[in-house]
Amino acid sequence: MWWGIALTAFLTLLIIFLVYGFDRKTLAASLGALLGVFVTCVMGCIFTDAFKIHGAVMAYSESLLYAGYQNLNLSQIYMSGIFIGASGAMMDLSVDITSAVNEVICKKPNIGWKEAARSGMNVGRAAMGTMTTTLLLAYSGGYIALLMTFMAQGTPIDNIMNYKYVAAELLDTVVGSFGLVTVAPFTALTSAWLLTKKK
């Protein structure tokens, strides 16, 4: 999990740096995205333990164990997969909000940080809905054949929801979406505070 956090933090900083260059916007967007990743990581750990989901639900996990890596903690790999999978959408949202706040500040240089944060939240609220839907569709798209198999067999819906691998995918989507929702206020606040400060 620590390697997952380190990799996600490195890629977030690198990609946002490539977008903005060495600027306060890079710091603001990176902080917003990384705070969202942190929330997703914590929620993933809590709910994976609470629902007793083992990492063996992941594709190819058995092959990995049979290849001679029996000491791997598959549950931690599953947990890290939750926030790594959602980190791209979090970066996207944080860059969108930071750009919007920066544009507002450029047009109205004497704006206060609270008003700038409110503008960032308005933009974030609009973008969050489509981003969480994107996350949901991206995850569920890979399981259409599995769901159609259940339908063809006439499996009741409550039985489907109780299968560990279905529950794991639902958890992945819900936790990733909740983490994504937290990116908007974090980024609105960090970008408003950092970008309204006098250089």
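Worth knowing before you read on, the calculation uses all heavy atoms, side chains too, and leaves out hydrogens, waters and symmetry mates.
Inter-residue side-chain proximity for Val181 and Ser177 is flagged as unmet; no heavy-atom pair is nearer than 4.5 Å. Using a 4.5 Å heavy-atom cutoff, the side chains of Val123 and Val104 are not in contact. Two residues are said to be in side-chain contact when any heavy atoms from C-beta on lie closer than 4.5 Å; Ser191 and Lys25 fail this criterion. Under the 4.5 Å side-chain criterion, counting only non-hydrogen atoms from C-beta, Ile5 is in contact with Cys41. Using a 4.5 Å cut-off on side-chain heavy atoms (C-beta onward), Leu171 and Thr48 make contact. Between Leu194 and Leu31, the closest side-chain pair of non-hydrogen atoms falls below 4.5 Å. With a 4.5 Å cut-off on side-chain heavy atoms, Ile82 and Thr40 count as touching. The shortest distance between side-chain heavy atoms of Glu169 and Val166 does not fall below 4.5 Å.
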#### Entry: Steps toward side chain to side chain contact (heavy atoms under 4.5 Å, CB included) verdict (Ile77, Leu74)
CA-CA 5 Å; Ile77 294 172; Leu74 293 177; 4.3 Å; yes

### Message
Between Ser80 and Leu7, is the side chain to side chain contact (heavy atoms under 4.5 Å, CB included) condition met? List the steps.
### Response
CA-CA 10 Å; Ser80 62; Leu7 176 69; over 6 Å; no

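None of Leu195, Val101, Leu189 except one satisfies the side-chain contact (heavy atoms from CB on, under 4.5 Å) rule with Trp113; the exception is Leu189.
Closest non-hydrogen pair, Thr190 versus Ala28, comes out as OG1-O, 3.1 Å. The two residues Phe51 and Lys164 have their closest heavy-atom pair at O-NZ, 3.3 Å.
Hydrophobic cluster membership is shared by Met90 and Met128, with clusters built from Ile, Leu, Val, Met, Phe, Trp and Tyr side chains linked at under 4.5 angstrom. Residues Phe22 and Leu34 do not share a hydrophobic cluster, clusters being chains of Ile/Leu/Val/Met/Phe/Trp/Tyr side chains in contact below 4.5 Å.
Classified by interplanar angle (parallel below 30°, tilted 30° to 60°, perpendicular above 60°), the ring pair Phe150/Tyr163 is parallel.
Within 6.0 Å of the NZ atom in Lys114, the count of heavy atoms belonging to other residues, nucleotides or ligands does not exceed 12.
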